[in-house]
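Worksheet: one structure, shown below.
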Amino acid sequence: MMMGKPKSAQSRQPTAVLYARVSTGRQALKDLSIPDQFMRMRKYCAVRKIEVVDEYNDARSGRTMVRNELSDMLERVRNSPQKIDYVIVYSFSRFSRDAIESELVRRELAKRGTELISITQPIGDDPSGEMMRLIINIFDEHNSRETSKHVSRSMEENARQGFWNGGLPPFGFEPIVVCTRGVSVKKKLEICPVESEYVRLIYKLYLEGDGKSGPLGIKNITSKLNADSHLRRGRNWTIGQVHYVLSERIYMGERDFRKGLDDDEQIIVPVPPIVDIVTFENVQLRLRQRNPRTTAPRATNTPILLTGVAACAHCGGGMILGTGKSGRYRYYTCSNRVRKGQSVCSGQRIPMADLDDKMTEVL
C-alpha cells in the first residue's frame with residue numbers, strides 16, 4: 001500500500017476521493033472534526049499533486065460499513081468512468097473499526113486499482129506493511145468495543161440517577177436542565193404542556209370517543225387528529241405513532257431505559273406521568289382485546305402484482321392491498337390514506353383484479 005507519494009509512473013494526474021467521519025458530537029469540538037480532517041487531507045493531496053474529485057463524510061459510528069456517505073463513496077469508485085486512484089482518510093479508524101469489513105473493502109478497492117490511504121498512518125505495501133495495517137485495524141476494533149462498553153455503563157448509571165441521555169425525547173416530554181456536574185449538563189424529562197394535551201386527547205378518544213360516537217379505534221383517531229390539524233411536531237400522525245402513545249408505559253410514569261431485556265436487567269426511570277395508571281391499564285386491556293394477532297391470519301395464494309409499482313394519482317403515495325367483506329374483495333388503496341386518514345388523501349380504492357387485468361393487457 002502506498003502511503004507517501006503517488007506513483008511516478010502515471011502520466012496523468014492521479015485522482016482521489018476523500019472520506020471523513022466523526023462518531024460523537026464531542027469529537028466535532030476537537031481536532032478530529034470533519035472540517036479539520038478535510039483540511040488536512042486536501043493539504044496532503046496538494047503537496048503530492050493529487051486531484052480531489054469528491055468528498056464524503058459521515059457523522060456516525062465506524063463499527064459498521066452501513067453508512068450512507070461511505071456507501072455512496074464506494075459506489076462512486078466502483079462505477080465512475082474516471083478512474084479513482086486513491087481513497088484517502090485521516091486515519092484507518094475514521095474508515096471503519098471492524099477489522100474484517102475494513103480489510104474486505106480495502107481488497108476490493110485494490111482489485112480495482114484504488115489504494116486506501118491514511119494520511120496519519122503511513123504504511124508500505126510489503127508484507128510488513130500488510131501485517132502492520134491488520135494490527136492497526138484489530139487494535140481500532142478492540143478500542144472501539146472497549147469505548148462502547150464504557151459509554152454504555154456511563155449511560156446506564158446516568159439513567160439510574162433519573163437523567164436523560166440525550167436524543168429526541170418521546171412525544172409529550174421535553175428535556176430540562178436540572179444541574180451541572182463539572183462540564184456535564186444533566187437533564188431530566190419533564191411534561192411538555194402543549195404535546196401532553198394531545199397525549200391526553202388520544203387516550204380520551206380511545207376510551208370515550210369525541211362525544212359524537214363511542215370510543216374510536218386507532219385508525220379513526222389518526223384521521224381525526226390530522227383532520228383537526230392536531231399535528232405531531234409539525235407533521236401528520238401515523239397509525240404507528242398513535243399506537244405508540246397508547247401503549248408506552250412512559251405516559252403513566254415509567255421509562256424503560258433497556259427495553260426488551262429481562263426484568264433483572266431493565267432500568268426503570270421514573271418520569272412525571274401524563275395519564276394516571278388506571279387510565280393507562282384500561283387502554284392496555286382494550287388494546288389486547290382488539291389485537292388482530294389474536295385472530296388467525298388469512299391465507300392467500302394470489303401475488304400482489306403492482307405493490308411497489310402503482311402510485312396514488314392524488315398524493316403520490318404507494319398503492320397497497322386493501323380488503324373488504326372479510327377479505328372477499330381485494331383492492332389497491334393509497335397507503336397515505338390508510339395510515340394517515342382521508343384528510344391527507346382522498347384517493348379512491350381500485351378493484352385489484354380490474355387494475356391487474358388492464359396492466360397485463362397493456363404489457
Review point. Is there side-chain contact between Val269 and Ile267, with heavy atoms separated by less than 4.5 Å?
Key: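 A side-chain contact under 4.5 Å exists here.
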ring-ring contact (aromatic ring centres under 6.0 Å, His included) filter on Tyr198, not counting sequence neighbours, yields His230
Sequence neighbours excluded, the answer for ring-ring contact (aromatic ring centres under 6.0 Å, His included) partners of Phe38 is none
If you apply the rule side-chain contact (heavy atoms from CB on, under 4.5 Å), what do you find for Ile117 with Val89, and how did you get there?
CA-CA 6 Å; Ile117 295 178; Val89 296; over 6 Å; no
Give, for atom [atom1] of [X] and atom [atom2] of [Y], the distance between the pair rounded to the nearest 0.5 Å.
{"X": "Cys45", "Y": "Arg40", "atom1": "SG", "atom2": "CZ", "result": "14.5 Å"}
{"X": "Glu248", "Y": "His243", "atom1": "CD", "atom2": "NE2", "result": "9.5 Å"}
{"X": "Asp210", "Y": "Leu201", "atom1": "CG", "atom2": "CG", "result": "9.5 Å"}
{"X": "Ile84", "Y": "Leu74", "atom1": "CD1", "atom2": "CG", "result": "12.0 Å"}
{"X": "Arg21", "Y": "Asp58", "atom1": "CZ", "atom2": "CG", "result": "8.0 Å"}

Counting only N and O atoms by type, is there a donor-acceptor contact under 3.5 Å from the side chain of [X] to the main-chain atoms of [Y]?
{"X": "Gln284", "Y": "Phe280", "result": "yes"}
{"X": "Arg112", "Y": "Val77", "result": "no"}
{"X": "Lys224", "Y": "Leu205", "result": "no"}
{"X": "Asp85", "Y": "Ala16", "result": "no"}
{"X": "Thr120", "Y": "Tyr90", "result": "yes"}
{"X": "Ser196", "Y": "Ile274", "result": "no"}

Can a salt bridge be assigned to the pair [X] and [Y] using a cut-off of 4.0 Å between side-chain N and carboxylate O?
{"X": "Arg76", "Y": "Asp72", "answer": "no"}
{"X": "Arg160", "Y": "Glu157", "answer": "yes"}
{"X": "Arg200", "Y": "Glu197", "answer": "yes"}

Self-check item: Distance-only donor-acceptor check, side chains Tyr203 and Asn282, under 3.5 Å
Solution: no
Query raised in the report: With under 30° as parallel and over 60° as perpendicular, where do the rings of Phe171 and Trp237 fit, or are they tilted in between?
Result: perpendicular
> Would Lys188 and Phe163 satisfy side-chain contact (heavy atoms from CB on, under 4.5 Å), going step by step from the backbone distance to the final call?
Replying inline: CA-CA 5 Å; Lys188 288 188 176 183; Phe163 297 119; 3.7 Å; yes
**Prompt:** Yes or no on side-chain contact (heavy atoms from CB on, under 4.5 Å) for Val245 and Tyr251, after CA distance, side-chain angles and deciding distance?
**Reply:** CA-CA 7 Å; Val245 169; Tyr251 295 104; 3.9 Å; yes
*Lys186 and Gln161: side-chain contact (heavy atoms from CB on, under 4.5 Å), yes or no, with the steps?*
CA-CA 10 Å; Lys186 298 295 185 180; Gln161 296 180 26; 5.7 Å; no
